[in-house]
Amino acid sequence: MAPFFTLQSSRSRVGKMSSKKSSAVYVHEVDYVVHDGVPVVRVFGRDLSGRSVISRFSDFLPYFYCMPETGADAGKLMRRILSPEVAEPSHVIGAGIESKHWEGRKADLVRVTIDSPRNVRSSRSNLGKIPAVEDTYEKDILFKRRFIIDNGVQPLSVLSITGQEIESKLPVGYVVEDCGIEGIEDNYLSISDLRLAVFDIEVSCSTAPDSEKDPIIMIGMLDGEGKRILTWQREFPGAESLEDEGSMLKRFMDIINEKDYDVLMGYNSDSFDLPYMKTRARVNGLRLVLGRDLSEVGYRPGPITGRSIIKGRINVDLYQPVRRMLNLPSYRLCDVYEHLSGRTKKELDMVEVHDLWESGEALDGASIADYCSSDVEATMLIAREILPTLLELSKTTKLLLSDVARMGQSQLVEWLLIREAHRRGILVPNKPRSPEMARRRRETYEGGYVLEPRKGLQGDMVSLDFRSLYPTIIVTHNVDPSTMDCECCEGTNVSPTGQHFCTQKPGFIPSILSGLVERRSEIKQEMSRMDEKDQKYSIRDAMQKALKILSNSFYGYTGYPAARWYSRECAQSVAAWGREYIRTTIETAKSEGFQVLYSDTDSLFISKTDYEGEGLIDEADQLLGKLNSSLPGIIQLEYQGHYPRGFFVTKKRYALIDDSGEIFTKGLEVVRRDWSPIAKDTQRRVIRAILEDGDPQRAAEEVRGSVKAVSERSVPLEDLVIRTTMTKDIEDYESEAPHVALARRLELRGHEIKKGATIEYVVVKGQGKVGDRARLAEDVDPEDYDIDYYIENQILPPSMRILQSFGYRVDDLKYHNTKQQTLDLFG
DNA sequence: TACCAGAGGAG
DNA sequence: AAATCCTCTGGTA
C-alpha cells in the first residue's frame with residue numbers, strides 16, 4: 001500500500017462502533033450532497049424487509065492524479081503539492097503516491113485528495129500548471145460514479161452497510177448516517193422486485209404548449225396494481241376529479257411519495273412531462289416534490305435534451321432507449337405501441353385535446369381520459385419490452401439504471417473500461433481535447449468489404465455469416481492499444497495494415513471483451529435448451545441482448561474520436577482483418593465450385609449449379625466445415641439461411657424470400673423512412689409479385705395500378721406524404737433541399753423547428769423546384785397534388801429499379817390504358 | 001452533365 | 001456524442 005499523508009485527520013468510525021448496526025440494501029440510486037463544505041454520498045434503496053433507506057457516507061472524498069514530468073520525482077512533487085502555499089488555494093487535503101499501469105509500464109503518480117467535488121475543477125487547473133506536473137488524470141470522473149467504482153458497488157444488487165439510524169422527517173423509510181461498507185453481494189433485483197410506475201400528462205393548449213399559461217388537465221399513472229387518472233373540474237368515468245390543477249399536482253405527488261416507487265418512467269418525460277409539471281407546480285404556488293428525500297424535481301440542461309432529476313428514484317425516460325434499441329420508422333408513442341403490440345392506438349393532437357377539454361365531449365365515443373389511459377398503457381408496454389435489457393446493461397456495466405438509460409454505446413463501453421481499469425490498477429486515459437479530437441476526425445481508415453452483387457433474379461441460395469466478426473477478431477488477435485507493436489512478438493500476429501499484437505499477454509480490451517463474448521455464447525447455449533415461453537428464457541434473452549449491444553460497440557468505440565481508449569490503428573487492423581477473412585472465404589467458396597452472388601462485410605450469399613434445397617444446404621454445410629477448420633481462435637462462420645428466390649438491385653439493396661415464405665428486404669425504398677407510402681406500397685407489391693409468384697407481369701400491373709390511382713387523384717393525401725428528418729438546425733444547412741425549404745417557410749409562419757424534427761410534406765403542382773412546392777399535408781387540397789411528380793419521382797423509380805432487370809421500360813409501366821386516359825381528359 | 005450536400009440504410 | 005460503405009435525390013453551376 002502506498003503511503004498516504006493527510007493534512008486533516010479523517011473522521012474515525014471506531015468511536016461510534018457500538019451504536020452502529022449492520023444492514024443490507026438493494027441499491028437503486030446514488031448521488032451526493034454537500035453539507036458544511038463536506039461531501040456526503042447518498043445511496044438510495046430498499047432494505048431486505050422492503051423498507052426504503054437513504055444511507056449516507058461522509059468519509060469518501062474526491063481525488064485525481066498528477067503525473068510527474070519525465071524525470072521528475074513523484075515524492076518531491078507530492079511534497080510540493082502538500083506545501084501550504086499550493087495545498088490551501090487548491091483545496092488539497094491529502095496526497096499519496098500510487099503506481100499505475102500506463103503506456104506499457106508502471107508509473108508513479110501523485111494521488112491528490114480534494115475537500116469537495118465542487119473544488120476539483122479549480123484544483124486540477126491549479127495543479128496542472130505546476131511545471132513538474134506533466135498532466136492530470138481521472139479528474140472528470142463524476143463523484144457518484146467514483147464512489148460506485150472505488151467501492152465496487154453494484155447497482156440493483158445488495159450492499160451491506162453499517163451505520164446509525166437517525167431521526168428523519170421522511171414519511172416512509174429511514175436514514176442511516178455515518179455509513180461504512182461491509183460487503184457487496186451478487187444478489188440482483190429483477191424487474192418484478194422493483195416498484196415501478198409509468199405516468200403521462202395531458203395539456204390543454206390552442207397551439208404549442210406553453211407551460212406558463214396552458215394547464216395540465218390530466219395525469220395518468222399505471223403501476224403493477226392498476227391505473228389512476230387524475231383530472232380536475234370535469235368528471236370522466238374512471239377518473240378521480242380534483243378541485244383544480246394545483247390539487248391534482250399535489251395528489252400526484254402524494255401518490256408517488258406514499259407508494260414510494262423505485263422506478264418512475266415516462267415517454268419524453270425528461271424533456272416534456274417533468275419540466276412541464278415543475279413549471280405548473282410553480283405557477284400554482286407549489287413545488288414539484290417527488291424525490292425520495294422529499295426534494296424537488298431538478299432539471300439539468302443537456303446538449304440535445306435536458307435531463308430531469310428525481311433524487312433517489314430511478315427516473316427512466318423511455319424515449320431515448322427506444323430510439324437506440326428499436327429500429328422504427330417513427331418514434332411517436334402511438335407508432336411504437338403499434339409496432340410492439342400490433343394494435344392501433346389513437347393519438348390526439350394538441351388541438352383535439354383542447355377542443356375535447358373545452359367541450360367536455362368525446363371523440364368517436366372516447367373521452368380524453370380514455371386517451372390518457374391508453375397512453376400510460378402504451379408506455380408500460382414499451383417499458384416491459386425494453387426495461388429488461390436496460391437492467392441487464394446496468395448489471396454488466398455496473399452503472400446506475402438511470403444512467404444506462406441515457407447513455408450511448410460509446411459511454412457504456414467507456415464506463416465498463418473505466419471500472420475495469422480501476423480494478424486492474426490501470427490509469428484511465430484522458431478524454432481528447434478539441435484539437436486532438438479534430439486531428440482524429442481527419443484520420444480516416446478503410447472499413448468493410450462489399451462485393452458487387454450478381455444483379456437480377458436469383459434462384460436457390462444459402463447465406464453464411466461470421467458470428468460477431470469484429471468482436472471475435474479483437475479477441476482472437478488480441479487487438480488493443482497496449483499490445484500493439486510490442487517488442488516481444490515482432491513478425492507474428494501481424495494485421496494486414498502492418499501492426500502486430502502481442503501473443504504473450506492478453507490486452508485490456510480483448511480480455512474484457514472475451515468475457516462478454518463467452519458469457520453470451522453460454523447464455524445462448526442455455527437458451528437453445530429452454531422453452532421459449534419460460535420466464536427464465538426471456539431473462540436470458542435480455543442478458544444476451546445486453547451482451548450483444550456491448551460487444552458490438554467495442555470496435556466502433558476504438559475508432560471513435562472522442563474515446564479515451566481511441567486507437568485508429570486498432571480499429572483499422574480489425575477492419576482489415578475482417579476484409580481478409582471475408583475475401584478468403586469468397587475465394588474458397590469459388591474454388592469449391594460455388595457462385596458468390598453477394599457479400600457485405602461479414603456475410604455472403606452463395607449458390608451452386610445443379611444444387612437446390614437440401615442438396616444445396618448440404619453442400620454449403622461441407623464448405624462451412626472446411627472454412628471453419630482453417631479459421632483461427634474464436635472466429636467462426638455460421639449457416640444463416642436458405643432462400644429459394646431473391647434478387648439483388650445494387651450493393652446493400654436486395655430482397656429475398658425464405659422457405660416459410662417470409663420476405664426480407666434490405667436497403668430498398670420499402671424500408672426507408674423518406675419515401676411516400678404510395679411509393680413504398682407499390683414497390684412492396686412489386687417485390688411480392690416477383691418473389692412469391694415469380695410473376696413480373698403482375699408486378700408491372702401493380703405499378704400501372706398505382707400510376708392510375710395517382711392520375712385519378714383517388715390516392716388519399718396521407719399516402720403521398722414524404723417524411724424527412726432535420727438532422728441539423730435550419731441555419732446550419734448549406735443546401736436548400738425540399739424539407740429544408742419547407743422548414744424555412746414554416747419558421748416564418750411562427751413554427752419552431754428544432755434539430756431532430758420530422759418534416760412531412762406533399763408536393764403540389766406548379767412550376768419550379770420541388771422545395772417551393774412542398775406543403776404540409778393539412779394545407780393541401782387533394783386537387784392540388786402534383787400527379788406528375790408522384791408518378792415520375794416517387795412511384796416509377798423504385799419500381800423500375802427492380803423491373804428493369806425483367807426487361808421492362810418506363811413506358812411499359814406508365815399508363816394503365818392510354819385511351820382511357822385520353823377519354824378521361826375530355827370527359 | 002457533373003458535382004455536392006444530405007438522408008438513411010447495411011452490416 | 002460507436003465505426004465505414006453505399007445508393008439515391010434535389011439543387012446548382
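First the proteins, then the strands, lettered A, B, ... as listed; each starts at 1.
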With sugar-phosphate meaning primed atoms plus P, OP1 and OP2, does [X] contact a base, only sugar-phosphate, or nothing at under 4.0 Å between heavy atoms?
X      : result
A/R801 : sugar-phosphate
A/V574 : nothing
A/N793 : sugar-phosphate
A/G559 : sugar-phosphate
A/K652 : base
A/W565 : nothing
A/Q409 : base
A/Y733 : sugar-phosphate
A/Y598 : nothing

Is the phosphate of [N], meaning OP1 or OP2, less than 4.0 Å from a side-chain N or O of [X]?
X      : N      : answer
A/K769 : C/dG10 : no
A/R653 : C/dC6  : no
A/Q411 : C/dA1  : yes
A/R324 : C/dA1  : yes
A/T724 : B/dG8  : no
A/R672 : C/dC8  : no
A/N552 : C/dA2  : no

Could you state the atom-to-atom distance from [atom1] of [X] to [atom2] of [N] in whole Å?
X      : N     : atom1 : atom2 : result
A/E443 : C/dT4 : CD    : C1'   : 15 Å
A/I722 : B/dG6 : CD1   : P     : 19 Å
A/H739 : B/dA5 : NE2   : P     : 15 Å

Parallel, tilted or perpendicular: rings of [Y] and [X] (30°, 60°):
X      : Y      : answer
A/W565 : A/F508 : tilted
A/Y331 : A/Y319 : perpendicular
A/F664 : A/Y643 : perpendicular

Item to check | Matching residue for A/Q683 among A/I802, A/T665, A/V671 - test: side-chain contact (heavy atoms from CB on, under 4.5 Å) | outcome: A/I802

Next on the checklist: When you compare the side chain of A/S706 with that of A/R685, does any pair of heavy atoms fall below 4.5 Å?
Outcome noted: yes

